[in-house]
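Since the structure is predicted, the reported quantities are computational estimates derived from the model, not experimental observations. Order of the sequence lines fixes the chain letters, A, B, ..., with proteins taken first and strands second; residue numbering starts at 1 for each chain. What's counted below: heavy atoms across the whole structure, side chains too, no hydrogens, waters or symmetry copies.
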Amino acid sequence: MAGAAGLVFDVQRFAVHDGPGIRTTVFLKGCSLRCQWCHSPESQSSLPEVMYSAAVCIGCGACAAACPRGLMAGGRSGPGQLDRNACQACGRCVAACNAGALVMVGKTARAEEIVARLDRDRMLYAASGGGVTLSGGEPALQPDFAAAVLRGARAHGHHTALETAGNAPWGSLSALLEHTDLVLFDVKHASGDEHLALTGARNEQILANLRRVSAMAGAAGAGAGAGAGAGENGPPRLIVRVPVIPDVNDQPGNIAALAVLLGGLPRVGRVELLPYHNFGVAKYAALGREYRLSSVPSPSRAALKGIAAILMARGLNVSIEGAGLDDPP
Amino acid sequence: MTRHDRLEVLLKTLSSVGRITPPGGEAGRPSVLDEPGAAASPVAIRKARALAWLLRNVPVHIYPGELIVGLPFRELPGDPGVQGEAASESGVGEAAGGEAAARLLPPGGAAGEGYILEARRRLAGGWPLEPYSPDIFGIPAAGAGTRYGLLPRFATDQELHEAARVGLDENSNPGHLQAGHARVLAHGWSGLREMAAAKLAALDETTEIGAGRAAFLRSVLIVLDAARDFALRYADLAETQAGAAADPARRAELLQIAAVCRHLADAPPSTFWEALQLHYFTHLIAMNQGARQMGRFDQYMYPFLAADLDAGRLTMDRAAELLDCLWVKYNQLTDITVDNLQNMILGGQDQDGGDATNLLSHMCLDATDRLGLVDPKLSVRLHRGTPEGFVRRTAEIIAAGRYQPGVYNDEAIIPALVGAGIPLEHARDYSNDGCSELLIQGRTNPWCFEAKVHLLQCLERTVRRLEDFATFDDLFSALKGEINRAVEMALANANLLQVAAPRISPNPLVSATVEGCLERMLDLTEGGALYNPAGLCASGVADTADGLAALRRMIYVERAVAAGDLVRALATDFDGEERMRQALLNRAPKFGNDSDEVDDLVVALVQHMAGRVRGRVNPRGGEYVLGLFSYGDYIGHGLMTGATPDGRRRGGGISPNFSPAPGRDLEGPFAVLQSTAKVPPALTPNGRAVDIALHPSAVSGPDGVANMAGLLRAFVEVGEMQVQFNVLDGKVLREAQRDPERYRNLTVRLWGFPAYFVRLPREFQEHLIARTAGR
Ligand code: SF4
Ligand code: SF4
């Protein structure tokens with residue numbers, strides 16, 4: 001297990017919105033949901049894939065010359081027409097691209113490699129109360145690798161956070177929780193049918209997992225405070241994150257149902273509302289995919305506050321984008 | 001007058017700042033050469049007389065509402081400018097601005113946003129975004145320092161002719177000076193005068209050395225006597241204005257101003273107000289003499305504040321009001337077209353290594369936060385023992401996007417200074433100089449800024465011969481040869497300047513304040529100060545190392561590019577070679593990303609230069625010390641440097657100071673510090689400056705300040721010497737739209753994922769700019 005390897009698509013240093021303090025966020029590739037609004041479409045597939053940025057392409061045509069299957073024909077416009085079903089993700093086009101316009105999303109990394117990278121920021125975590133956050137994709141889909149990273153990080157004294165959508169067998173998820181100080185649990189819709197329509201999966205498993213995590217956190221009493229917890233090895237603290245997407249999941253009925261659902265959990269540290277932005281749209285183009293929500297606007301501040309009020313009426317502690325309700329946006 | 005009324009009235013005085021050159025020009029300029037015996041007297045005496053003339057004749061004026069007084073030396077007597085304006089200002093009633101003040105500053109004193117915006121607006125226009133703005137005092141070739149053309153003529157034609165050969169004139173004060181403010185407060189001008197007089201009385205003037213010392217001591221006495229008269233002119237003026245004042249409260253204030261000035265003429269200060277006034281008078285005169293930094297203001301001023309508060313003579317509110325008055329005075333001296341170097345450094349360790357942060361350190365940060373004015377330019381010293389509250393307050397102001405304060409690390413700097421031969425207790429009393437150079441306050445003539453090596457030019461010259469080098473080591477040795485030549489030229493130039501300076505710009509006023517000069521009876525410019533280092537500044541370190549790393553990878557390791565092709569590509573600015581350029585840019589590591597492959601080259605470059613500089617003695621008897629600074633030169637250097645092997649195009653931006661090349665650091669701010677900290681601070685005892693840009697989203701939100709504070713603590717731990725954080729505003733994002741290559745690294749955070757700003761589609765960029773508006 002020490003040699004566990006996994007598919008990682010990004011390691012972001014100096015992340016400040018993925019848990020307490022200044023953190024390193026490790027993005028694992030592969031997800032069991034296909035949310036229509038997903039801002040990281042490159043995280044979904046469990047296979048490496050080529051991503052193309054037209055903005056930095058110099059049109060040199062080297063990629064086309066490099067592809068053994070002739071898939072990049074046409075130089076500048078080639079990658080846009082890439083037949084992704086035929087692409088073997090061999091990486092030759094990426095290697096040929098001096099401009100960095102082609103990027104292989106998804107690289108195999110060993111857990112100890114990742115932990116060694118975390119150690120470089122040790123001073124930063126210590127000074128800011130930060131640590132590492134596993135994100136994705138869905139980390140629980142690579143349970144051995146994710147557990148090895150979390151365990152290693154903790155053994156090195158780092159605070160650990162896990163961002164999950166919860167759509168994985170409980171056995172996989174709970175294996176991670178053992179090594180986790182803080183869980184950031186995404187909840188997208190209260191209705192199973194709607195959830196299926198919007199994300200490609202029903203939500204029963206997700207909600208069952210959420211209750212279990214919440215019950216664990218409840219058993220831990222107050223749980224670890226922000227920034228603390230590394231090395232304490234108690235059950236993780238729980239923060240629920242709800243994306244707010246106009247006309248997709250912000251209908252009064254769904255908000256009311258979410259309020260009942262979350263308000264009835266044994267223990268939740270906080271509920272964070274994440275207002276939708278359609279910033280991910282460029283990445284869909286980069287992956288040659290279609291984006292279905294391009295005309296959906298961001299929710300207004302007033303709408304967010306209204307939703308927050310409904311949740312707070314259930315005794316929940318609510319924040320918007322991590323900020324208090326009265327902070328300026 | 002309430003505090004906010006006073007502030008509003010004082011801020012009116014700032015609308016008139018900015019003009020330095022007297023309109024009369026050279027023609028109407030007075031001269032001290034006509035005075036009896038003048039031509040035969042030493043230049044130090046003539047310079048002293050010129051300054052004395054200025055102190056006795058420069059217009060004096062007290063603006064309505066002022067508690068700290070002293071009109072900037074901007075005009076010669078007889079010039080219409082300030083005098084006319086001042087006369088009309090006197091007529092401004094005390095009640096003026098009440099309505100505006102109510103809008104700007106809520107009663108009760110807490111600064112409103114409107115007030116800060118207004119204050120900024122008044123000073124807006126020329127204040128550059130770069131933390132180290134171009135130091136452009138119209139400097140010819142070798143660099144002659146600041147010129148405020150106000151002194152009467154005092155040099156002979158022969159002296160002027162000789163000085164002109166190295167680019168100096170009567171108004172030059174080359175080398176970044178700092179007055180010894182602590183010493184002035186401790187002894188008063190009167191005490192320094194007594195010290196000089198006692199030395200003079202005991203002197204044998206019959207020897208040549210004795211005569212030289214006597215000339216120096218007399219020059220000091222001449223300027224200190226004139227300074228005394230200067231204080232008395234203000235005492236008289238305050239009394240006159242008091243007699244005419246309609247408002248009894250203002251009359252009482254003016255009488256107190258008169259008493260303060262009269263006291264300072266003949267005694268050291270005994271109250272906070274007196275100490276502030278003496279500090280400001282000294283600063284005002286020292287500014288004219290090229291010494292512009294305040295040093296550790298919170299350290300030398302605190303005992304006066306504490307004594308007044310303890311004795312119940314002063315309230316906290318009044319103390320803060322006095323600071324407001326002083327801050328506005330600094331800004332009257334501001335010339336927004338240049339960095340005038342009015343630097344102040346707060347906090348840090350005391351002589352015993354304990355924490356020296358005090359109430360006044362906080363009050364100074366508060367004053368800057370409250371007023372939003374550009375001066376003084378604040379810096380803070382941090383160490384492991386700095387109280388959390390001070391780190392947090394610093395973090396708050398940085399996070400608010402003020403481009404200040406600059407941050408210094410005692411843990412890295414003090415050992416580096418000790419390594420350069422400074423005793424530990426003195427090293428702990430370091431301060432920043434004009435920009436970020438290090439000096440021991442009150443004991444140093446630092447002589448920075450005048451010896452410069454532009455490394456990228458050395459690389460440019462070396463790379464022209466690229467085809468001659470069989471191995472990377474050959475290339476690196478050739479580069480070292482070029483660097484050696486550049487270092488020798490810079491030292492030779494700086495030596496010439498230092499030899500020439502005392503012959504045209506002796507500095508009796510500043511000498512009197514700096515420890516060592518009166519004791520040794522030797523002017524500052526001749527090596528009178530206790531410490532006499534001279535800085536050799538190297539710029540373009542990052543770009544040069546990036547270029548070397550790219551050459552090593554592409555030519556010697558991967559052999560992907562032929563040397564001849566690369567030389568040709570550079571000569572044609574990569575015409576038709578965009579693919580090669582992209583490889584140089586993207587296929588080799590860049591400084592600032594914690595990559596040893598290139599960081600080790602930076603270390604090797606700095607080590608080499610430090611070796612060339614170490615032990616080299618300057619004409620004042622001190623040694624040269626290496627610093628990594630570009631000042632504002634990086635802008636001009638970028639424009640005039642051709643295409644470089646790091647993939648940079650001709651004329652493209654190059655690294656400011658010791659920062660990574662623009663847009664090349666992609667791993668976040670801490671990785672930058674990890675890269676820079678690999679260079680042992682002991683190699684650069686003159687200091688170095690790292691500039692780091694942060695997007696507001698990195699330090700906003702409920703944890704924003706805590707995260708900024710965490711980054712500051714991590715900076716102390718990692719052992720970098722000095723850093724300047726800039727929280728970017730919408731203007732910078734606009735600039736990034738125009739020049740995406742330079743801002744490739746600008747990361748913005750959007751709903752759970754990081755994005756490089758320049759890669760975002762235009763609409764989203766616009767959205768982000770809108771979000772940062774008002775910062
Ligand atoms: S990854 Fe390989 S198969 Fe796919 S487009 Fe690139 S070169 Fe062709
Ligand atoms: S190799 Fe890269 S830069 Fe060249 S055409 Fe292909 S994607 Fe564009």
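- How far SG of A:Cys60 is from CE of B:Met580: 13.0 Å, rounded to the nearest 0.5 Å.
- If you tally non-hydrogen atom pairs under 4.5 Å between each of B:Ala709, B:Pro669, B:Ala671, B:Gly647 and chain A, the highest count goes to B:Pro669.
- Taking a 6.0 Å sphere around CD of A:Glu290, one finds it holds 12 or fewer heavy atoms contributed by other residues, nucleotides or ligands.
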>> Apply side-chain contact (heavy atoms from CB on, under 4.5 Å) to residues A:Ile22 and B:Leu711 and explain how you reach the verdict.
In response: CA-CA 8 Å; A:Ile22 302 172; B:Leu711 183 54; 4.3 Å; yes
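- Heavy-atom pairs under 4.5 Å with chain A peak, among B:Arg579, B:Met708, B:Arg581, B:Glu578, at B:Arg579.
- Here the shortest heavy-atom pairing between B:Ala583 and A:Asn98 reads CB-ND2, 3.3 Å.
- A:Ala127 approaches B:Ala714 most closely through the heavy-atom pair CB-N, 3.6 Å.
- Contact record, B:Ala698 with A:Val16: O-CG2, 3.7 Å, taken as the closest heavy-atom pair.
- With a threshold of 4.5 angstrom between heavy atoms, B:Arg587 approaches chain A through side-chain atoms but not through N, CA, C or O.
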> side-chain contact (heavy atoms from CB on, under 4.5 Å) between A:His17 and B:Asp703: does it pass, once the steps are laid out?
Replying inline: CA-CA 9 Å; A:His17 297 290; B:Asp703 300 330; over 6 Å; no
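- In this structure a side-chain-to-backbone donor-acceptor pair under 3.5 Å is present from A:Arg120 to B:Asp594.
- With a threshold of 4.5 angstrom between heavy atoms, B:Glu717 approaches chain A through its backbone and through its side chain.
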